[in-house]
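In what follows, a single structure is set out as structure tokens and then discussed.
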Amino acid sequence: QVQLVESGGGSVQAGGSLRLSCAASGRTFSTYVMGWFRQAPRKEREFVAACSWSSGNAYYADSVKGRFTISRDNASNTVYLQMNSLKPEDTAVYYCAAKPFVSNYRDYAQYDYWGQGTQVTVSS
């Protein structure tokens with residue numbers, strides 16, 4: 001049974017930092033792409049970042065490029081999202097997700113597995 005479990009959300013003031021973690025279990029993810037998405041109230045789920053588990057290649061939404069960093073730890077099967085210089089518009093529920101191929105990594109409908117989400121709130 002595949003499980004993705006996020007942690008690390010919380011409340012922070014603008015300009016602050018948070019690190020989200022996503023612990024993956026239940027299958028081999030070596031050929032998978034791991035993504036982070038977020039969804040704010042009354043908005044659609046949007047792509048934040050993705051990382052190829054095998055190559056480590058990373059991809060970012062323009063809105064977070066230069067502020068967020070996605071990384072993975074193969075030994076612990078954990079994917080991280082380091083978020084710096086946070087802004088109030090980053091406030092959302094953040095989800096970890098996994099898909100088998102790198103193509104269409106921005107499309108949330110292509111992802112097979114999802115975590116339960118973790119709330120990030122940034123105050124001004």
Side-chain angles (χ1 to χ4, degrees):
Q1 180 183 358
V2 173
Q3 276 197 312
L4 302 178
V5 180
E6 302 103 332
S7 60
S11 297
V12 65
Q13 288 195 324
S17 298
L18 285 172
R19 188 175 81 156
L20 305 184
S21 300
C22 172
S25 62
R27 67 160 299 128
T28 301
F29 289 94
S30 58
T31 61
Y32 271 56
V33 170
M34 305 300 293
W36 286 98
F37 290 78
R38 66 187 181 188
Q39 188 164 18
R42 298 174 297 281
K43 290 191 175 181
E44 283 198 5
R45 191 166 297 191
E46 66 171 350
F47 169 75
V48 175
C51 175
S52 167
W53 205 288
S54 58
S55 68
N57 289 342
Y59 312 90
Y60 298 96
D62 288 343
S63 59
V64 306
K65 204 172 291 184
R67 299 189 298 123
F68 291 11
T69 302
I70 187 171
S71 62
R72 87 271 191 245
D73 178 17
N74 290 345
S76 63
N77 259 16
T78 302
V79 177
Y80 302 98
L81 186 68
Q82 177 67 44
M83 306 186 296
N84 299 329
S85 303
L86 282 161
K87 304 175 181 180
E89 51 264 42
D90 294 318
T91 295
V93 177
Y94 283 69
Y95 297 91
C96 173
K99 68 186 295 296
F101 305 108
V102 71
S103 58
N104 300 316
Y105 60 83
R106 293 176 181 269
D107 183 359
Y108 69 83
Q110 299 293 321
Y111 285 75
D112 295 331
Y113 305 108
W114 290 86
Q116 81 286 355
T118 185
Q119 177 70 46
V120 170
T121 303
V122 184
S123 57
S124 57

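Treat the numbers as computed from the prediction; the structure is a model and nothing was measured. Quick note: numbers below take in every heavy atom, side chains included, and nothing from hydrogens, waters or symmetry partners.
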Exercise for the section: Kindly give the heavy-atom pair with the smallest separation between S63 and R38, and that separation in Å. Expected result: OG-NH2, 3.6 Å

Problem - Reported CZ-to-OG distance for the pair R72 and S30, which is rounded to 0.5 angstrom - result: 11.0 Å

Practice task
Please determine if D107 and K99 form a salt bridge, counting it only when a charged side-chain N lies under 4.0 Å from a carboxylate O.
Solution key: no

Exercise for the section: Anything under 30° is parallel, anything over 60° is perpendicular, the rest tilted; go ahead and classify W114 against Y95. Expected result: perpendicular

Practice task
Could you tell me which non-hydrogen atom of S124 sits nearest to which non-hydrogen atom of A14, and how far apart they are?
Solution key: CA-CB, 4.3 Å

Handout entry: Shared-cluster residues of V2, by chain and number - hydrophobic side chains joined below 4.5 Å
Key = L4, V12, L18, L20, F29, Y32, M34, W36, V48, W53, Y60, V64, F68, I70, V79, L81, M83, L86, Y94, Y113, V120, V122

Exercise for the section: Find out whether the Lys NZ or Arg CZ of R45 is both under 6.0 angstrom from the six-membered ring centre of F37 and within 45° of the ring's axis. Expected result: no

Practice task
State, yes or no, whether a side-chain contact exists between Y59 and V102 at a heavy-atom distance under 4.5 Å.
Solution key: yes

Completion exercise
Heavy atoms of S17 and N84 approach each other most closely as OG-OD1, 2.9 Å

Handout entry: Donor-acceptor contact present, side-chain Y111 to main-chain Y105, <3.5 Å
Key = yes

Problem - Nearest non-hydrogen partners of A50 and V33, listed with the distance - result: CB-CG1, 4.0 Å

Fill in the blank from the handout: Rounded to the nearest 0.5 Å, the SG atom of C22 sits from the CD atom of Q3 at a distance of 11.0 Å

Handout entry: For D90 against S85, the heavy-atom pair lying closest together
Key = OD2-O, 4.4 Å

Exercise for the section: Check salt bridge (charged side-chain N to carboxylate O under 4.0 Å, His left out) between K65 and all other residues, then give those that pass, not counting sequence neighbours. Expected result: D62

Problem - Check: C96 main-chain N/O paired with E6 side-chain donor or acceptor under 3.5 Å - result: yes

